[in-house]
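Just so it is clear, the model here is predicted, and its values are computed rather than measured. Computed over heavy atoms, backbone and side chain alike; hydrogens, waters and symmetry mates excluded. Below, chain A is the first sequence line, B the second, and so on; all start at residue 1.
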There are 2 protein chains.
Amino acid sequence: MKLKEFARQLGLSPTTVSRALSGYPEVSEKTRKRVAEEAVRLGYRPNINAVRLVTGRAGAIGVVMGRTGEFHFAEYMSGMAERLDGEDIDILVSPTADRDSTDEVSLYSRLATSGRVDAVIVHSPKPNDERIALLHELGFPFLVHGRSETDVPHAWLDIDNETAIRRATSHLIDLGHRRIAMINGRHGRTFSLHRDKGYRDALQERGIAFDPRLLVHDHFTDELGFRYARAFLEQAPRPTAFVAGSMMTALGVYRAVRSRGLVVGKDISVIAHDDVFPYLTAENMVPSLSATRSSMRAAGARSADLVLQLLGGRAAEEIQELWPVELILRESTGPAPAEAQS
Amino acid sequence: MKLKEFARQLGLSPTTVSRALSGYPEVSEKTRKRVAEEAVRLGYRPNINAVRLVTGRAGAIGVVMGRTGEFHFAEYMSGMAERLDGEDIDILVSPTADRDSTDEVSLYSRLATSGRVDAVIVHSPKPNDERIALLHELGFPFLVHGRSETDVPHAWLDIDNETAIRRATSHLIDLGHRRIAMINGRHGRTFSLHRDKGYRDALQERGIAFDPRLLVHDHFTDELGFRYARAFLEQAPRPTAFVAGSMMTALGVYRAVRSRGLVVGKDISVIAHDDVFPYLTAENMVPSLSATRSSMRAAGARSADLVLQLLGGRAAEEIQELWPVELILRESTGPAPAEAQS
DNA sequence: GCAGTCAACCAAATCGTTTTAAATTTCCGC
DNA sequence: GCGGAAATTTAAAACGATTTGGTTGACTGC
């Protein structure tokens, strides 16, 4: 059923019908009601592509999903979906090209110029991110989940990784730990750098020399958490505490610690960053995991909100949100074992 | 840059340019090449919404994401994205309404009739699924990930849950287990029913009476895995083996077993279903987890492929793929403890 | 040199809406 | 019951591509 036919059946012009459905003021209450009712009865629904063409709005927000299938993704999207429910705005997930960054940039360019989305969200930015530069140059609306250090102005929403990790590390130092290993995220991403900084600053504040052999960067998987933790534990003297980048990493670390016959929370302390997943909670691990916590889902919801504001005309420079991160202490952290105290 | 302007700069008509870019035969190789090159140079890209309007194709596949933010989701989507890369087809994730099923059906109806997607994928179907009935009635292309028992013909891709769980259960029985508990998925979903059937059939084949107190249905989270396993372990006599619905559930079960001072693989055997996540592997658990395995990512990729076939005109009735599931035995399964043998 | 064929290109119609600009109707005071 | 403002409604022009149905010119065989 098309507008023309629908209007004819109502004995009205397409114009009036269109206006009635879009809630414009210059149509009488009586007809509006009639139109709305008949639309439901006859099952008329505007062809979205015609609407998009004529309005120039796509009614969708683009998200590029990495190949790696990160587990954060579903939670973040779910948060977005929550906020977007009822807004008649969809989420468009774009199949990413491989990690070849030239291709990734061209993917963003295609997304921006083809008119299939009104805005995009950039994840895991780098300090000097080409995607951000490109989108800015194109004048295309975008929100960065995370932050970049580029001069290019950009709207962003980030959690305070630096402070979170500084506090986590400080806390471990307070407990007497001196050799603290960190399994951080992928190299070159801003969030990893911020965490590095928090970690190093905490050490420095307390006069502990930074040892590059205690810091690695990689994907967040239990496998890698295990491998790195094993390797760290083979050092002499071995670290007495770990800062793990994610819940999955923490699972691997726990495993590695146990595999050496050591006890988490007693021989080895562990703090991880927890994105708050409904299916895997820090509270429930054994021993329960001390964690820096910030909800991915909330970030997704707020991101959607901010994108909406951006599309509503709010200036990108104005949108800069840094979320504090809670540090929740549980059983996985304890005083450094006596023999390791300096 | 619009087609008209772009064509003018090339000294060609819009028709020829459009044809050149779409690879139609009635344009000379020479001009085609020139058009292609200039398009890149001048950055011309067809407005997707105009294309959609005129061709009637949306160039997108719809997926409805549940509120629960399931961890399978990212892997499945990632698989889809992998297959769709280069096809110029997007994935549209629709913010789901809440679990109120009337709303969910109307969401599918909106998706189908508004022209924003060419096909949709239905997840976690029920035996008599309203969404399937609706989509069939509308004559809208869709693929079911899972299966339904409805009379309505539908294209589907499913894994052989029944056989997988039957074999897993049988194996446990072979090892001497008699009291085998199962923590299954959400009530009323076809996959849960199939698993129930596999479980009950295996018991029956070996003359073991089904005990409803050993079977529960719920979401797949470590928390619930823990809680149910704890409750099961309090029964007397307690079960000596568990069939867990997911990796997360298995984590909870491991925890529960340990919390009772028991040892997985010795006192208590565990088999779980593993969807193959890059960030959490059965192989790496301690003890390594015996599992029925089938890759979510592969299912996503194949789903995208099948949807493409569906859109290419292949009959829905023809598309019915049942994937076998591997049973991989590792250390979490062992002979039932002697005192528990019947 | 001419009709016929074919390759290459083009003008204009079309997709289904929204929106601009104009036309109609209604309402009001006098 | 008339002029004019206000309230409704409408016809027609976008939006930016694809596609239908030609047209043009070069080449062929005779």
Side-chain angles (χ1 to χ4, degrees), chain A residues 1-36 38-39 42-60 88-90 110-118 311, chain B residues 1-36 38-39 42-60 88-90 110-118 311:
Chain A
M1 165 96 50
K2 307 166 190 184
L3 173 59
K4 215 164 139 186
E5 165 66 8
F6 178 53
R8 205 185 51 69
Q9 290 204 22
L10 283 173
L12 287 171
S13 76
T15 311
T16 306
V17 172
S18 169
R19 286 189 162 142
L21 290 175
S22 316
Y24 276 62
E26 56 268 81
V27 55
S28 76
E29 199 46 53
K30 203 181 73 186
T31 24
R32 181 202 316 295
K33 211 173 141 193
R34 186 163 74 96
V35 170
E38 289 293 285
L42 298 174
Y44 168 72
R45 213 186 306 274
N47 177 309
I48 189 111
N49 294 318
V51 174
R52 284 171 171 168
L53 174 57
V54 72
T55 60
R57 263 173 273 120
D88 205 44
I89 292 199
D90 303 302
R110 206 180 66 202
L111 216 48
T113 59
S114 70
R116 65 188 86 206
V117 294
D118 295 318
L311 293 175
Chain B
M1 166 99 45
K2 308 165 187 184
L3 173 59
K4 214 163 141 188
E5 165 66 7
F6 177 54
R8 205 185 51 70
Q9 290 203 22
L10 282 174
L12 287 170
S13 76
T15 311
T16 307
V17 172
S18 169
R19 285 189 162 142
L21 290 175
S22 316
Y24 276 64
E26 55 271 82
V27 54
S28 78
E29 199 47 54
K30 204 180 67 185
T31 26
R32 181 202 315 296
K33 211 173 140 194
R34 187 164 72 95
V35 170
E38 290 294 283
L42 298 175
Y44 168 72
R45 212 185 308 273
N47 177 308
I48 190 98
N49 293 318
V51 173
R52 284 171 171 167
L53 174 57
V54 72
T55 60
R57 265 173 271 120
D88 205 44
I89 291 197
D90 304 303
R110 207 181 63 201
L111 216 47
T113 59
S114 71
R116 65 189 85 206
V117 294
D118 296 316
L311 294 176

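- Residues forming a side chain to side chain contact (heavy atoms under 4.5 Å, CB included) with B/V35 (at least two apart in sequence, or on another chain): B/F6, B/L10, B/L12, B/V17, B/A20, B/L21.
- By the side chain to side chain donor-acceptor pair (under 3.5 Å) test, B/T113 pairs with A/R45, sequence neighbours left out.
- Protein atom CD of B/E5 is 11 Å distant from nucleotide atom P of D/dA17, rounded to whole Å.
- Looking at heavy-atom distances under 4.0 Å, A/Y44 makes contact with sugar-phosphate atoms alone, never a base.
- Of the side-chain N and O atoms in B/S18, none sit less than 4.0 angstrom from OP1 or OP2 of D/dA17.
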Summary of protein contacts for nucleotides 7-15 of chain D, nucleotide by nucleotide, where a base hit scores B, a sugar-phosphate-only hit scores S (4.0 Å, heavy atoms): -BBBBB-BB

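- Using a 4.5 Å heavy-atom cutoff, the side chains of B/R52 and A/R52 are in contact.
- Not counting sequence neighbours, the partners of B/E29 by the salt bridge (Lys or Arg N to Asp or Glu O under 4.0 Å) test are B/R32.
- In this structure, A/N49 contributes its side chain and B/G56 its backbone to no donor-acceptor pair below 3.5 Å.
- In this model, the phosphate group of D/dT20 is not approached by any side-chain N or O of B/Y24 to a distance below 4.0 Å at OP1 or OP2.
- Scanning for salt bridge (Lys or Arg N to Asp or Glu O under 4.0 Å) contacts around A/R116 gives B/D88, B/D90, with sequence neighbours left out.
- For B/S28, the side chain to side chain donor-acceptor pair (under 3.5 Å) partners two or more places apart in sequence, or in a different chain, are B/T31.
- Between atom CD1 of residue B/I89 and atom CG of residue B/D118 there is a gap of 6.5 Å, rounded to the nearest 0.5 Å.
- Judged as a side-chain hydrogen bond (donor to acceptor under 3.5 Å, both in side chains), the pairs with a partner in residues 16-25 of chain A (not counting sequence neighbours) are, in order, A/S13-A/T16.
- Each end of the helix from C/dG1-D/dC30 to C/dC30-D/dG1 yields a helix axis from five base pairs, and these two axes differ in direction by 40° (to the nearest 10 degrees).
- Residues that satisfy the salt bridge (Lys or Arg N to Asp or Glu O under 4.0 Å) test with A/E5, not counting sequence neighbours, are A/R8.
- No contact: B/R32 has no heavy atom under 4.0 Å from any strand.
- Contact check for B/K2 versus B/N47: no side-chain heavy atoms found under the 4.5 Å cut-off.
- Bounding nucleotides for the chain A contact on DNA chain C, 5' to 3', at a heavy-atom distance below 4.0 Å, are C/dG16 to C/dA21.
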